[in-house]
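From a predicted model like this one, the values you see are computed outputs, not experimental measurements.
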Amino acid sequence: MTASGAAWTYTVQNLTSGQVLSYSFTYTKNGPQYDTPWFTFTQGGGGTTTPPPPGSVATPTFSPAGGTFTTAQSVTIADATSGATIHYTLDGSTPTASSPTYTGALTISATTTVKAYAVASGLTDSAVATASFTISTSTGGVCPTQSDTPDFGPNVHVFDPSMGNAAIQSQLDAQFNQMKDTNTAQFSENRVADLYKPGTYNVEDNVGFYTSVAGLGQNPDDVTINGDVTVDAFNASDAGNATQNFWRSAENLAINPSSGTDRWAVAQAAPFRRIDVHGGLALYPASYGYASGGYIADTKVSGQAASVSQQQWYTRDSNLGSWAGGVWNMVFSGVNGAPANTFPNPPETTLGTTPVSRDVPYLYLDNTGKYRVFLPSLRTNASGPSWANGSTPGSSLPMSQFYVVKAGDTAATINNALSQGCNLFVTPGVYHLSQTLNITKANTVVLGIGYPTFVPDNGVNAMQVADVDGVRLKGLLFDAGTTNSAALLTIGQSGASADHSANPTSIQDVFFRIGGERAGKATTSLVVNSNNTLIDHIWAWRADHGNAGTVGWTTNTADTGLLVNGNNVQATGLFVEHYQKYEVVWNGQGGKTIFFQNEMPYDPPNQAAWMSSANVNGYAAYKVGANVTSHEAWGLGSYCYFNVNPAVNSYHAFEVPNNAGVKFHDALTVSLGGVGTITHVINDTGAVTASNTTPSNVVNYP
């Protein structure tokens, strides 16, 4: 150090903005030597921090130190006290010992306030440090021109009538034989999409696991299948049971069924969209065995749609010749030909229109043979298919604005494409992510086919969407990694407040899995902070079965499937199952849910392990926050099957504040086989579940 009058200085060279310098010095006063506390200085960050009191942990520091940025930032947190543990929050709240522990750089992709404090044995906790990051999305890149006729990779099969029906049938049969078996294919990494160019085909398309079937016309009747697009209880091991027919889809084509009736006997995550069925539609297995679906949207069935053994079903914005059947919970909104509202006997809930809806983005071929993605317009108070009176209203994008994600792509290559302003077309495959995928540009489209699967590694959050207009996510599967992620998908940053009513973000056919293939862990699957978000058909599933070693109370851990903090969020077709705490938590005002299906966790080991408070057994499946004054929901079912310990009880399935603005219609509980009990349906209302698998119903609350 160099003396200059009463000041001593030491110059440190080559510091860059955001770097943190920690320092102390020793000085002599009247003979003895003294050591100063440790100080920290952030270059460009406002000077020296206040040293901690004696015996205290140093205050954490951030690099970069906060500010305004045009891209996502990798933020590190450091502490000058040796051995200190740092806890942090990303929602502006004060961190506590139960807040996440800092283990590595944080990816900040949207405007966020980070707070952190540090603890060390024998010392007083540090002060709380704060850094604010503003991520500006006003300057988006321009996507480098992509191909209008891209190579979609080996897992996408594009059929043309000129190939001949026999050759196409051979390809369909070969892939189905690989992907049909419930015991071996259900948790495999096979992924496939079958795309039909406009024309007519005489084939039988049996649809196995992780298979998407879609027409490439602009409207459904541009592709006609003279035959069937079928899901059934295909395997002898299924024993006629269709309750595990997950992860398969059909979309944007017409079917002339070979026998007059097409069969689509599915369970969760198996949408049937934009289909013109020239005949009937059977939603149950040929064996009449159990089925547990399902979802139809923007579809026309000229004959009868029959659910028969289906436990629950949701149909939106469609035309039906007629409907038959209903076990516990059949829900319709905007469906011409739907049955009358008669819940609970028969158990059918019917809304004349869907308040807000938007058909899914989809791939098609234009008249020059180039691929485009069509973006249907927003609809309000809709009924019937969007294409019923001609082409679906909307706009389209050329494939030149889409980066095609396929084998070999990493989180870095995907994020690079996003940062350049590209949309994403995600082909069938399993993609491990070493960093969060950051969507920061308004109107970004992420369109997946063939159940492309994102697996976050090392505890990162899989995807973060900024609080911007019009992002469309469709056809994705998020599969939790073995290191816990705080969230798999987050829409908007905490405290997001923008109005997106004119152009909301939509989440459609997006699915979440915790365990099953691997021992996955994620605290929350989907967090929605942005206002006006449309959640249109999700299945958030903490696995109740799977590969050996991937399922168990302390193995595939997950608290909550859906957390809604945004206002005026709408869910149509909400499936959330087996989470270990509240499965849905809805804190935003003005929320709406049309159709909810839930099974509580099967595996609480005992009552003490599953208590939402000292005096309340279990956790409600659907909790509306105590401060919410406006919320409405229709057609909700929650079932229990506590097979690890049948003595376990849940006090109620639905927990809501008691005020006139929070309204529930047609809610029910069921104990499957009488294995465990649910005491009430909603709050203190509704009878205890019966032992003979019959529902307890509440028609209106309050």
Any heavy-atom pair between the side chains of [Y] and [X] that's under 4.5 Å?
{"X": "F402", "Y": "L397", "result": "yes"}
{"X": "K406", "Y": "D151", "result": "yes"}
{"X": "P601", "Y": "R542", "result": "yes"}
{"X": "W541", "Y": "Q268", "result": "no"}
{"X": "E348", "Y": "W323", "result": "yes"}
{"X": "E517", "Y": "E189", "result": "yes"}
{"X": "T211", "Y": "F176", "result": "no"}
{"X": "R472", "Y": "P376", "result": "yes"}

Is D228 paired with R263 through a side-chain N to carboxylate O contact shorter than 4.0 Å? no
Pick from T299, N252, D298: which one makes a side chain to side chain donor-acceptor pair (under 3.5 Å) with R274? N252
Single hit among T342, D666, N341 for side chain to side chain donor-acceptor pair (under 3.5 Å) with T349: D666
[X] side-chain N/O to [Y] backbone N/O, donor-acceptor pair under 3.5 Å:
{"X": "S212", "Y": "A193", "answer": "no"}
{"X": "S170", "Y": "A167", "answer": "no"}
{"X": "N336", "Y": "S383", "answer": "no"}
{"X": "Q186", "Y": "F209", "answer": "no"}
{"X": "Y201", "Y": "F159", "answer": "yes"}
{"X": "D160", "Y": "K197", "answer": "no"}
{"X": "T550", "Y": "R518", "answer": "no"}
{"X": "Q175", "Y": "V207", "answer": "no"}
{"X": "N643", "Y": "V675", "answer": "no"}
{"X": "Q570", "Y": "V356", "answer": "yes"}

Residues D536, Q508; criterion side-chain hydrogen bond (donor to acceptor under 3.5 Å, both in side chains); working and verdict: CA-CA 5 Å; D536 179 38; Q508 299 179 285; 2.9 Å; yes
Test item: side-chain donor near acceptor, [X] and [Y], under 3.5 Å:
{"X": "T354", "Y": "R316", "result": "no"}
{"X": "S237", "Y": "N235", "result": "no"}
{"X": "D359", "Y": "S386", "result": "yes"}

Please confirm whether [X] and [Y] have ring centers closer than 6.0 angstrom.
{"X": "Y371", "Y": "F152", "result": "yes"}
{"X": "Y295", "Y": "F595", "result": "no"}
{"X": "F511", "Y": "W539", "result": "no"}
{"X": "Y622", "Y": "F596", "result": "yes"}

Start with the C-alpha gap between D276 and K300, add the side-chain angles, then the distance that decides, and say whether salt bridge (Lys or Arg N to Asp or Glu O under 4.0 Å) holds. CA-CA 5 Å; D276 191 357; K300 180 180 178 181; 5.1 Å; no
Assess whether atom [atom1] of [X] is packed by more than 12 heavy atoms of other residues, nucleotides or ligands within 6.0 Å.
{"X": "Y641", "atom1": "OH", "answer": "no"}
{"X": "N692", "atom1": "CG", "answer": "yes"}
{"X": "Y602", "atom1": "OH", "answer": "yes"}

Set out, in order, the CA-CA distance, both residues' side-chain angles and the distance that settles side chain to side chain contact (heavy atoms under 4.5 Å, CB included) for M463 and L473, then state yes or no. CA-CA 11 Å; M463 182 179 286; L473 308 179; 4.2 Å; yes
ring-ring contact (aromatic ring centres under 6.0 Å, His included) between H545 and F187: does it pass, once the steps are laid out? CA-CA 10 Å; H545 64 275; F187 297 104; 5.7 Å; yes
Any chance you could lay out the side chain to side chain contact (heavy atoms under 4.5 Å, CB included) test for V446 and V405, step after step, and finish with the verdict? CA-CA 10 Å; V446 181; V405 179; over 6 Å; no
Closest heavy-atom contact between [X] and [Y]?
{"X": "A286", "Y": "D232", "answer": "N-OD1, 3.1 Å"}
{"X": "M399", "Y": "D148", "answer": "N-OD1, 3.5 Å"}
{"X": "T184", "Y": "S188", "answer": "O-CB, 3.8 Å"}
{"X": "I255", "Y": "G227", "answer": "CG2-O, 3.6 Å"}
{"X": "A265", "Y": "N245", "answer": "O-ND2, 2.9 Å"}
{"X": "A267", "Y": "A270", "answer": "O-CB, 3.9 Å"}

List the steps and the verdict of side chain to side chain contact (heavy atoms under 4.5 Å, CB included) for Q312 and Y639. CA-CA 12 Å; Q312 64 274 318; Y639 321 139; 2.6 Å; yes
Quick one: sort the F575 and H537 rings into parallel, tilted or perpendicular, breaks at 30° and 60°. perpendicular
Could you check L281 against L320 for side chain to side chain contact (heavy atoms under 4.5 Å, CB included), going step by step and ending with a plain yes or no? CA-CA 10 Å; L281 181 63; L320 306 177; over 6 Å; no
When you look at Y196 and D205, which way does the side-chain hydrogen bond (donor to acceptor under 3.5 Å, both in side chains) test go after all the steps? CA-CA 11 Å; Y196 292 86; D205 194 339; 2.8 Å; yes
Residues which pass ring pair (Phe, Tyr, Trp, His ring centres under 6.0 Å) with F343, listed by chain and number, not counting sequence neighbours: none
Nearest 0.5 Å, what's the CG-CG distance between L253 and L195? 10.5 Å
Straight-line distance of L424 CG to Y403 OH, nearest 0.5 Å: 9.0 Å
Under the side-chain hydrogen bond (donor to acceptor under 3.5 Å, both in side chains) rule, what do T368 and D366 come out as? Steps first, then yes or no, please. CA-CA 5 Å; T368 68; D366 68 15; 2.7 Å; yes
The side-chain hydrogen bond (donor to acceptor under 3.5 Å, both in side chains) partners of N256 (sequence neighbours excluded) come to N226, H278
Checking R191 against Y451: charged group under 6.0 Å from the ring centre and within 45 degrees of the axis? no
Are R248 and Y210 in a cation-pi setup, meaning NZ or CZ lies under 6.0 angstrom from the ring centre and within 45 degrees of the ring axis? no
side-chain hydrogen bond (donor to acceptor under 3.5 Å, both in side chains) between Q218 and D222, worked out: CA-CA 7 Å; Q218 189 169 347; D222 293 339; over 6 Å; no
